[in-house]
Amino acid sequence: MQMIEIEALNKTYRTGFLMQAKKALTDVSLSVPKGSIYGFIGPNGAGKSTTIKILTGLLTYDSGRVEISGASARGIEIRRLVGYSPEHPYFYDYLTARELMVFYGHLVGLSGLELQKRIDWALELVHANKDWADRRLRTYSKGMVQRIGIAQAILSKPKLLILDEPMSGLDPMGRRDVRNAILSLNQEGVTVFYSSHLLSDVESISDRVGMIVDGRVVREGKIHSITDSHSAEYHVFIQGPELQEAPIRGVKKGVQSGEWLCKSSQVKDEFLRFCVDNNLSIQKIDIQRPSLEDVLTEEIARAES
Amino acid sequence: MQSLKHIVVIALNTFRESIRDKILYNLFFLAIALVFFSIMLGEWSVFDRAHVIKSTTLSIMSLSGLLIAVFVGISLVQKEIQRRTVLTLLSKPISRVSFIVGKYFGLLGVLAVHLIFLSLLYYLILFFTHSNPTWSLLSAIYLIFCEMAIVVAVALLFSSFSTAVLSTLFTLGVYFAGHLSNQLLEQVQFVKKMGEIEGFGSVVLERLAVWIHAIFPGLYRYNISSFVVHDITVSKSYLVWQSIYALGYIGVFLGIASWWFSRRDFL
């Protein structure tokens, strides 16, 4: 069962006095299984925030199908299942964090003791210190505001949590706290869909990843299936007479003495055969698997070319 | 029922936001200063002191109400969009209609408090200056409130799709057109009757004046200060009809604002 189902989504912005069209999303399709942590990655301006805002009903779209738990994302009622924190959140700075949480709590139908319990739970989860809660938001640092953004998103105990760049502006401790909060909520059954530029964080906590470049989803699926589809690089260390140049196409000299880099498994096999044929002793073979960053960089380069 | 609750929550937050806004305090204290200034004006004037105090204070109420309706009203929606607080708010299970209507009632509450406070001050001044404080003055204050209720709806309508500067200009434009449309129609009909304009031009001019008079809210209806300061009371049915007239325009303006706001993208 899918929590989010997007199919052939298209979005065009009309900007300027002449309402010039700028295509933001082209045939975007992706699906987020219930109970998963889904990282949505891509360069700036690729369409991550546009997709997220369509999911949260803040943007309209030209065509396609956008569903949350089987119902159209355009409906108001479906938003009861969703918690959302935008990129660089900004709140009413004349309120204290607690007042803000009470305001949002009332909007999602909470009140009384239940609301107070939820507020304490949400602030605790994002490690929003109790002393902060009664200070006006205008005195908050960027990182503190980011935590309050997540706290208000989880206040209604949503089934789906959508976070746009939740780790932006946070120090390493803050990032760790947000990662832990995401994992903790996920363990309680919350599906998390979030965008991030911090690919190491995405790799460490996500079950699935969607990669968007220039308004198109170029890769989607489990992290290892994406990285595995990219061929690993093989570092072959040999001993014997020094080779002056690469004997086979796809092989190049490494940094260390006797180190040769093979671009693919096939090239590696050919190179090993060459070594055996030429009485070169093979010391060791290191396999360097590609990271998400390698795959994304390659996809960006492909899109640009 | 749920929408009603959302409207109340947003209205209360808007009220709280407005009363913590510096613009409101500036306008409020300026109005108080001007009310006291009306006492001095009454003393200096060659006219009857009570009439001067009454008419000046009613004008100050109307003007300060207008400034709050326009400047605070427009900044309410614009600030939500520019500071992007609207993103978290509208991602909650609330309709955009509730948002607009909640904002409207929040500001209306601010205006009501402002006018109630000035009215208390007004009656105290009239009492201590022995200027014959009559209850009929309340009907003039009530109609000022009705007029401002229309202006707030106009301000929200323009701020739902336009920039702050343009919204201010458009709202003030509607305010002045609403006050002058009756005079414009009378003048055009008078000069036509006198034969100073004739032919196709006179027909076009008259049609234009009729259209302006019909489309823009007739805000001149809400200015009865010239009657009440001379202790002429207006009938209850007049007050009822003007209230219904105001409700009609407010409904139309908020309806258009909500429709437009519902179609808007928030980047």
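Within every chain, numbering begins at 1; the chains are lettered A, B, ... in the order of the sequence lines, protein sequences first and strands thereafter. Worth knowing before you read on, the calculation uses all heavy atoms, side chains too, and leaves out hydrogens, waters and symmetry mates.
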Atom [atom1] of residue position [X] - does it have more than 12 heavy atoms of other residues, nucleotides or ligands inside 6.0 Å?
X	atom1	value
B/Y249	OH	yes
B/R207	CZ	no
A/N10	CG	yes
A/K23	NZ	yes
B/W211	CH2	no

* Asked: If you measure from CD1 on B/I94 to NE2 on A/H106, what distance do you get to the nearest 0.5 Å?
  ->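 B/I94 atom CD1 to A/H106 atom NE2 measures 14.0 Å (nearest 0.5 Å).
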* How many angstroms lie between atom OH of A/Y90 and atom CG of B/L87, to the nearest 0.5 angstrom? ->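 So the OH of A/Y90 and the CG of B/L87 are separated by 13.0 Å.
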Identify which part of [X] has an atom lying under 4.5 Å from any heavy atom of chain A, answering side chain, backbone, both or neither.
X	answer
B/E17	both
B/R96	side chain
B/L12	neither
B/K5	side chain

* Checking A/L95 against chain B: side chain, backbone, both or neither under 4.5 Å from a heavy atom? ->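 Interface part for A/L95: both.
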* Asked: Would a distance-only check, ignoring hydrogens and angles, find a side-chain to backbone donor-acceptor pair under 3.5 Å from A/R79 to B/L90?
  ->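 Yes: the side chain of A/R79 pairs with the backbone of B/L90.
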* To do: Look at the side chain of B/R84 and the backbone N and O of A/E87, then say whether any donor-acceptor pair between them is shorter than 3.5 Å.
  =>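 Side chain of B/R84 to backbone of A/E87: a pair is present.
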Please examine the side chains of [Y] and [X], heavy atoms only from C-beta on, and report whether any two atoms are closer than 4.5 Å.
X	Y	value
B/P93	A/V108	yes
B/R83	A/D93	yes
B/T88	A/Y92	no

* Asked: Can you name the one residue among B/S3, B/S98, B/S95 that meets side chain to side chain contact (heavy atoms under 4.5 Å, CB included) with A/I76?
  ->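 By the side chain to side chain contact (heavy atoms under 4.5 Å, CB included) criterion, A/I76 pairs with just one of B/S3, B/S98, B/S95: B/S95.
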* **Non-hydrogen atoms of B/T85 and A/Y104 that approach each other most closely** =>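 Heavy-atom minimum between the residues: O-OH, 4.4 Å.
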* Asked: Where is the tightest heavy-atom contact between A/Y94 and B/N13, given as atom of each residue plus distance?
  ->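 Residues A/Y94 and B/N13, closest heavy atoms: OH-ND2, 3.4 Å.
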* To do: Tabulate, in ascending numerical order, the residues of residues 38-58 of chain A having at least one heavy atom closer than 4.5 Å to a heavy atom of chain B, or enter 'none'.
  =>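 Hits under 4.5 Å: A/K53, A/T56, A/G57, A/L58.
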